[in-house]
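Remember, predicted model here, so these are calculated numbers, not experimental data. Letters go in sequence order (proteins before strands), and every chain restarts at 1.
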Protein chains: 2
Amino acid sequence: MKRKITLKHIARELDVSISTVSKALKNSEEISADTKEKIQAFAKFYNYKPNNIAVSLKNKSTKNIGVVIPDIVHHFFTTVFRGIELYANAKGYNVIACVSDESFAKEVLSMEMLSNGSVDGFIMSLSAETQQKNDFNHLKEVTAQGIPLVLFDRVTDDIKCDKVILNDKEIAYEAVTKFIDGGRRRIALVTTESYFNVSEKRSEGYKAAHLDHGIPVNEDLCLILHHKEINLQAIKIFFEKQQIDAVLCVNELFAVQCMGVALKMGFQIPEDISFIGFTDGILSQNAQPALTTVAQHGEKMGAVAAELLINRVEDDSQEESINYLTEIIEATLIERDSTIN
Amino acid sequence: MKRKITLKHIARELDVSISTVSKALKNSEEISADTKEKIQAFAKFYNYKPNNIAVSLKNKSTKNIGVVIPDIVHHFFTTVFRGIELYANAKGYNVIACVSDESFAKEVLSMEMLSNGSVDGFIMSLSAETQQKNDFNHLKEVTAQGIPLVLFDRVTDDIKCDKVILNDKEIAYEAVTKFIDGGRRRIALVTTESYFNVSEKRSEGYKAAHLDHGIPVNEDLCLILHHKEINLQAIKIFFEKQQIDAVLCVNELFAVQCMGVALKMGFQIPEDISFIGFTDGILSQNAQPALTTVAQHGEKMGAVAAELLINRVEDDSQEESINYLTEIIEATLIERDSTIN
DNA sequence: GATAGTCACGCAAACGGTTTCGTGTTGATA
DNA sequence: TATCAACACGAAACCGTTTGCGTGACTATC
């Protein structure tokens with residue numbers, strides 16, 4: 001088991017100084033061609049690679065970026081992660097992943113673990129609990145230390161930093177308008193608690209579309225479901241009570257569950273009830289009928305977030321007043337068989 | 001923007017030496033109670049945290065583990081990742097994620113990026129291309145350098161290291177036996193190319209179950225599908241040609257697609273055709289009918305892999321001859337509505 | 001032949017910690 | 001009062017790199 005070879009080993013072996021070796025390997029003009037060739041050959045033979053940790057310490061740059069997301073077993077977040085990872089790797093960065101599990105405490109802990117030199121910057125999406133508590137001190141700590149931060153999807157106005165968000169309101173507006181144009185009038189909104197700001201935005205779009213088309217917003221048509229719970233009974237009661245002819249769901253899981261209940265109750269999809277969901281994942285694609293859904297372009301989102309972050313990281317202008325950007329990813333409606341074209 | 005505070009700053013400010021500060025913060029007996037208190041208070045006030053990079057360099061231990069997986073937008077791998085991350089975090093380790101995208105080149109590149117000091121060890125699952133090429137030199141390089149490696153799920157006998165695998169053959173045997181006990185005789189196997197050793201193992205179980213029950217194996221009942229392609233036509237033709245009364249699929253996507261085709265063709269599930277898949281993901285859970293499937297317990301697998309790795313990392317016995325372990329995760333059959341109980 | 005200018009390399013500090021060992025001061029002891 | 005241990009702290013090496021600067025040797029110039 002040969003341990004990693006270092007500059008010191010090469011220097012000793014070739015009877016030159018460490019600095020000479022270092023410079024020779026960087027093809028410095030200072031070193032003579034002969035010496036360079038000798039050293040480079042030796043290094044190549046023994047497969048020398050500089051120790052990342054030492055380089056990091058010296059350069060004060062780790063080439064690591066920390067990604068803190070609420071959930072990893074989740075289609076949207078994995079696609080974003082994928083986008084981040086692809087872009088970052090192409091730029092020579094590694095990605096350290098931390099999952100907050102929708103927990104405030106774990107989010108704080110993760111950031112503390114990484115903010116002591118392990119990463120050059122953070123990309124994150126707020127946990128549910130953090131959004132509930134509205135406590136962003138851990139983010140302020142990090143930015144105060146000068147560590148760049150990019151928020152995506154679940155963001156907050158309380159923190160000044162680069163952000164990447166979806167045009168949630170607009171796409172929800174578009175989806176509902178599609179229903180209305182198709183003659184639907186009793187359009188349900190199936191959503192989560194409102195402390196998720198994305199749900200809130202989608203809800204705004206839902207309402208705006210109604211108002212703009214002269215249709216009153218009926219609060220009874222809004223159903224709030226909980227993640228990772230059995231919602232089928234609640235859905236059934238909802239469908240029985242209300243006369244629904246279209247449903248907009250804030251995620252694909254809710255949509256598929258609702259469709260399942262509707263089918264069991266004897267409704268025809270899309271004739272009796274049309275469905276549109278959010279997230280174009282395997283559920284949407286493989287549902288029966290295939291679900292019309294909002295593609296959030298997670299990979300794009302991740303790539304943009306990574307680009308923003310790396311630009312900040314590599315920007316060494318010492319300006320104190322930074323112009324933070326908010327990039328908007330345009331969602332698109334993918335029409336399948338749960339709506340009438 | 002206050003930069004991070006260092007030992008040096010504290011030392012200068014309190015007019016003591018750096019070593020005194022370091023020792024005081026570790027509550028060393030060498031330092032007087034007064035001095036310790038003073039230093040600790042100061043450090044706490046300025047929120048001093050040791051720089052991870054410097055500590056890593058000194059200790060030759062990064063507290064990072066590298067995870068290289070073929071795909072991240074994939075239920076099974078995300079659950080394993082989740083298990084790794086949970087266990088590792090609890091032990092104070094961070095997880096650096098690299099996605100090989102089923103590509104040999106990216107797998108090699110990822111490992112090179114991380115093997116120069118960035119991580120203390122690797123957990124990985126082989127990419128499809130790596131399994132095809134049968135080229136494991138990048139793994140040998142890493143282990144030769146004394147960096148611990150744990151392989152999971154997609155493993156190879158060519159590398160001596162700790163491994164975590166599923167009892168694929170046995171659980172496939174069990175699934176097929178369930179079909180046979182239920183009176184099924186024309187049992188299809190829907191699988192991928194055989195260079196995936198997990199598919200191979202499942203195929204072995206499928207065959208063994210047939211032989212042990214005196215049923216000849218019929219190669220015509222084996223359908224090979226491709227990932228991320230439109231398979232529906234191929235499935236339809238297969239079902240038309242063969243008289244199938246049960247289907248074992250090596251993943252949930254294939255199972256759901258097959259069920260969809262079967263339903264469209266007018267078959268009753270599970271009466272006419274029963275289905276069993278692999279992976280207990282959202283597809284299985286939300287399919288119509290809900291899919292009977294093999295739960296692979298990815299989180300458990302990840303946790304075990306992380307445990308094995310961290311044990312190796314923290315084991316400082318200098319023994320050259322290591323006794324490598326292979327842990328087997330017991331899969332379980334989750335019975336839902338696509339089979340008759 | 002004295003001076004200046006290259007060239008090719010080494011020294012040493014620096015990054016931010018940890019840790020071994022040495023040392024000045026104090027108080028107790030004989 | 002000389003001796004010594006205990007105490008409390010500092011100096012310095014070390015982890016593996018990078019890099020500014022110093023310097024000795026050689027060559028070129030007048």
Would you classify A:Thr6 as touching base, sugar-phosphate or nothing, given that sugar-phosphate means primed atoms plus P, OP1 and OP2, and contacts are heavy atoms under 4.0 Å?
-> sugar-phosphate
B:Lys26 has an atom NZ; how far is it from atom C1' of C:dG16, in whole Å?
-> 13 Å
Please determine, for the side chain of A:Ala54, which listed nucleotide (D:dC21, D:dT17, D:dT18) has the closest atom?
-> D:dT17
Kindly say whether A:Asn137 contributes a backbone atom to a donor-acceptor pair with the side chain of A:Asp135 at under 3.5 angstrom?
-> yes
May I ask you to evaluate whether B:Ser22 reaches the phosphate of C:dT18, defined as a side-chain N or O under 4.0 Å from OP1 or OP2?
-> yes
Give a yes or no on this: more than 12 heavy atoms of other residues, nucleotides or ligands lie within 6.0 Å of atom CD of B:Glu314.
-> yes
What is the distance, rounded to the nearest whole Å, between atom CG of B:Leu7 and atom P of D:dG10?
-> 13 Å
Is the side chain of B:Ser127 donor-acceptor paired with the backbone N or O of B:Ser100 at a distance under 3.5 Å, no angle test?
-> no
Atom CG of A:Asn27 and atom C1' of D:dT18 are separated, to the nearest Å, by 16 Å
Value in whole Å for how far the P atom of C:dC15 lies from NZ of B:Lys4 | 17 Å
Note: B:Glu307-B:Lys300 ion pair, threshold 4.0 Å (strictly below) | no
Name every residue in residues 38-53 of chain B that has at least one heavy atom under 4.0 Å from any atom of DNA chain D, in order of residue number, or write none if there are no such residues.
-> none
Which part of the nucleic acid does A:Lys8 contact within heavy-atom distance under 4.0 Å: base, sugar-phosphate only, or nothing?
-> sugar-phosphate
Starting from C1' on C:dC9, measure out to CG on A:Asp34 and report it in whole angstrom.
-> 13 Å
Under 6.0 Å between ring centres, would you say that holds for A:Tyr46 and A:Phe42?
-> yes
Please state how far atom CD in B:Glu37 lies from atom C1' in D:dA8, giving the value in whole angstrom units.
-> 16 Å
Can you say whether the rings of B:His74 and B:Phe76 are parallel (under 30°), tilted (30 to 60°) or perpendicular (over 60°)?
-> perpendicular
Take atom NZ of B:Lys23 and atom P of D:dC7, then tell me their distance rounded to the nearest Å.
-> 15 Å
Base C:dC11 paired with A:Ser19 side chain (donor-acceptor, <3.5 Å) | yes
Show each protein N/O and nucleotides 6-8 of chain C N/O combination with a separation under 3.5 Å, one pair to a line.
none

With a cut-off of 6.0 Å (strictly less than), are more than 12 heavy atoms of other residues, nucleotides or ligands near CG of B:Asp157?
-> no
Polar side chain donor-acceptor pair, B:Ser32 to B:Thr35, under 3.5 angstrom = yes
Check whether more than 12 heavy atoms from other residues, nucleotides or ligands sit under 6.0 Å from atom CD of A:Glu37, and answer yes or no.
-> no
Would you please indicate yes or no on a ring centroid separation below 6.0 angstrom for B:His138 and B:Phe104?
-> yes
Sorted by number, the residues of residues 58-66 of chain A with heavy-atom contact under 4.0 Å to DNA chain C | A:Lys58, A:Lys60
A:Leu57 CG to D:dC15 P, in whole Å, measures 14 Å
Quick one: does B:Arg312's side chain get under 4.5 Å of B:Leu149's, heavy atoms only?
-> no
Is a side-chain N or O of B:Asp101 found less than 3.5 angstrom from the main chain of B:Ser103, in a donor-acceptor match?
-> no
